[in-house]
There are 2 protein chains.
Amino acid sequence: MPVTKTEQANIRRNRQYEKRLNSILKAASTVIARDGYEGASVRRVAAKAGVGLSGIYYYFTNKDELLYAIQKNTFTTLVELLKERLSQLKKPEEKLRAVIENHIEFFVNNINDLKVCVHEIESLSGAYYKEVLQIRREYFRLVKDVVSENLSKGQKLDPALVSLYLFGSLNWIYMWYNPQINSDVTVLTDNLMTIFTKGIKAT
Amino acid sequence: MPVTKTEQANIRRNRQYEKRLNSILKAASTVIARDGYEGASVRRVAAKAGVGLSGIYYYFTNKDELLYAIQKNTFTTLVELLKERLSQLKKPEEKLRAVIENHIEFFVNNINDLKVCVHEIESLSGAYYKEVLQIRREYFRLVKDVVSENLSKGQKLDPALVSLYLFGSLNWIYMWYNPQINSDVTVLTDNLMTIFTKGIKAT
DNA sequence: AAATAAATCGAACGTTCGTTCTAATATCGG
DNA sequence: CCGATATTAGAACGAACGTTCGATTTATTT
């Protein structure tokens with residue numbers, strides 16, 4: 001488990017420090033979402049954040065840690081929000097709707113972050129990659145269990161595979177989603193809810 | 001419409017020339033699929049192809065043209081194969097199966113190419129991007145029409161959106177597909193066929 | 001107000017990148 | 001076998017990259 005400057009900051013109590021750190025992370029999300037991780041230069045991130053080049057290295061030890069911080073924060077929040085929702089629900093169908101709605105709503109409010117999480121999933125390596133992988137696995141397990149509850153018994157469908165198909169539909173959204181055209185997010189939720197509930201029921 | 005060295009080659013009749021060109025393209029697919037387009041260096045592509053660095057520039061004018069050639073070849077073949085399949089089918093359901101089967105089968109046989117097409121869709125720009133976009137649009141239209149035929153009348157679902165959900169499930173496969181585990185491709189086809197046919201039927 | 005710590009800046013480092021150019025080699029028709 | 005053409009090899013270019021470092025400014029504490 002790598003000790004990052006981000007985590008060291010949790011010890012500190014300085015308010016300004018976290019403000020700047022978050023503004024850098026937001027700038028990094030924007031630039032990486034646009035140029036890709038390899039294509040995004042630390043210089044452009046710094047410019048977008050209104051900081052000097054070396055200013056970045058006061059808050060992060062290297063470029064990888066920038067991506068790591070974005071992915072860890074985003075996935076952690078996504079998981080926490082989903083857990084919160086699921087804890088208040090009983091019916092399998094309501095839970096599935098919560099999964100879909102949570103993912104889509106979070107996506108719309110954090111387009112850049114989620115794009116960076118989906119598109120740059122393999123851009124990290126080593127300890128950084130492993131730690132993000134753990135959170136992703138937790139998220140996947142949550143979704144898979146909900147899918148399992150919705151699968152009719154004696155069904156041939158593998159819940160893990162169905163979950164992957166669902167993730168595909170959800171994670172592909174950033175490729176075509178346009179806030180001005182697809183403004184009504186509930187339509188997307190309803191659509192996927194319809195397709196996957198009816199689609200996985202026994203005939 | 002950009003005139004590429006690839007296209008000039010079509011005029012030439014030298015057999016060795018095309019052999020080398022294709023071996024470079026294959027090497028490029030492998031490297032770009034592994035490192036991403038920005039992360040892939042022309043030097044590594046050259047090394048993988050067993051050619052000197054400047055050898056690449058004898059066959060391609062620049063790095064972008066490498067990506068362009070891969071995407072154009074791949075999408076064109078994908079579209080041609082689908083057209084061929086669809087022309088022999090009448091029933092909407094059979095056509096939808098052909099769409100799914102064609103995409104998955106082609107994917108399994110050309111993992112690197114398809115990964116480069118899906119993951120590096122936004123890495124091109126200008127004329128190169130536009131021309132690939134045209135073929136992608138053609139592919140999308142083919143799929144959308146088949147989806148439309150399978151949608152019950154008086155259905156609320158937008159065929160374009162349903163097609164995008166399907167593309168999501170299909171294009172996400174490269175993130176988890178393992179030839180040793182998911183060797184039986186027909187399972188994936190059957191799964192998606194089941195989910196999407198039942199999922200979009202009127203209740 | 002002085003002393004200490006936190007935060008920012010600007011310049012510089014070595015490396016790698018995409019691309020170019022010239023010289024050398026291989027191929028092939030006459 | 002020669003001359004022209006097609007192909008390869010190697011060195012070099014400027015630009016951009018990630019990262020470092022010492023000096024400088026700002027903020028906090030005594």
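Keep in mind that what you see is a predicted model, and the values were worked out from it rather than measured.
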J.: So Gly52(A), base contact, sugar-phosphate only, or nothing? Heavy-atom distance under 4.0 Å.
T.: sugar-phosphate

J.: Would you say Tyr58(A) reaches dA7(C)'s phosphate, i.e. side-chain N/O to OP1/OP2 under 4.0 Å?
T.: yes

J.: Tabulate below the donor-acceptor pairs under 3.5 Å that side-chain atoms of residues 118-125 of chain B make, not counting sequence neighbours, or state none.
T.:
| residue | atom | partner | partner atom | Å |
| --- | --- | --- | --- | --- |
| His119(B) | NE2 | His119(A) | O | 2.9 |
| Glu120(B) | OE1 | Ser123(B) | OG | 2.7 |
| Glu120(B) | OE2 | Tyr37(B) | N | 3.2 |
| Glu122(B) | OE1 | Lys115(A) | NZ | 3.1 |

J.: Looking at Thr197(A), is its backbone amide N or carbonyl O close enough to the side chain of Glu93(A) to form a donor-acceptor pair, meaning the two atoms are under 3.5 Å apart?
T.: no

J.: Please determine which of Asn112(B), Asn73(B), Asn110(B), Asp113(B) meets the side chain to side chain donor-acceptor pair (under 3.5 Å) test together with Ser29(B).
T.: Asp113(B)

J.: Check whether any side-chain heavy atom of Tyr174(A) sits under 4.5 Å from a side-chain heavy atom of Phe107(A), and report yes or no.
T.: yes

J.: Who are the side chain to side chain donor-acceptor pair (under 3.5 Å) partners of Glu38(A), not counting sequence neighbours?
T.: none

J.: Within the structure, does a side-chain N or O atom of Tyr59(B) lie under 4.0 Å from either OP1 or OP2 of dT7(D)?
T.: no

J.: Just the rounded figure in Å: distance from P of dG18(C) to CG of Asp35(B).
T.: 11 Å

J.: Do the side chain of Lys198(B) and the main chain of Lys201(A) share a donor and acceptor less than 3.5 angstrom apart?
T.: yes

J.: Tell me the interatomic distance from Glu18(B), atom CD, to dT7(D), atom P, rounded to whole angstroms.
T.: 11 Å

J.: Under 3.5 Å, which protein N or O atoms sit close to an N or O of nucleotides 12-15 of chain C? Give each pair with its distance.
T.:
none

J.: Using only heavy-atom distances, determine whether the side chains of Tyr128(B) and Gln71(B) contain a donor-acceptor pair under 3.5 Å.
T.: no

J.: Return the stems involving DNA chain C, sorted by first number, where pairs are Watson-Crick (N1-N3 with N6-O4 or O6-N4) or G-U wobble (N1-O2 and O6-N3), both under 3.5 Å, and runs are 3 or more long.
T.: C:1-28 with D:3-30

J.: If you assign each of Ser54(A) and Ala40(A) to its closest nucleotide in DNA chain D, which residue comes earlier from the 5' end?
T.: Ala40(A)

J.: For dT16(C), does OP1 or OP2 lie under 4.0 Å from any side-chain N or O of Arg44(B)?
T.: no

J.: Checking Thr74(A) now: which residues fulfil side chain to side chain donor-acceptor pair (under 3.5 Å) with it, not counting sequence neighbours?
T.: none

J.: In whole Å, I'd like the distance from the CZ atom of Phe60(B) to the C1' atom of dG18(C).
T.: 16 Å

J.: Within the pair Arg20(B) and dA6(D), is there a side-chain N or O less than 4.0 Å away from OP1 or OP2?
T.: no

J.: Tyr57(A) has a side chain; which of dT20(D), dT8(D), dT20(C) sits nearest to it?
T.: dT20(D)

J.: Rounded to the nearest angstrom, tell me the gap between atom CD in Gln16(B) and atom P in dT7(D).
T.: 9 Å

J.: Side chain of Lys63(B) only, heavy atoms from C-beta on: which candidate in dT7(D), dG18(C), dT8(D) is closest?
T.: dG18(C)

J.: Sorted by first residue and then second, give each ring-ring contact (aromatic ring centres under 6.0 Å, His included) pair with at least one member in residues 178-199 of chain A; sequence neighbours left out.
T.: none

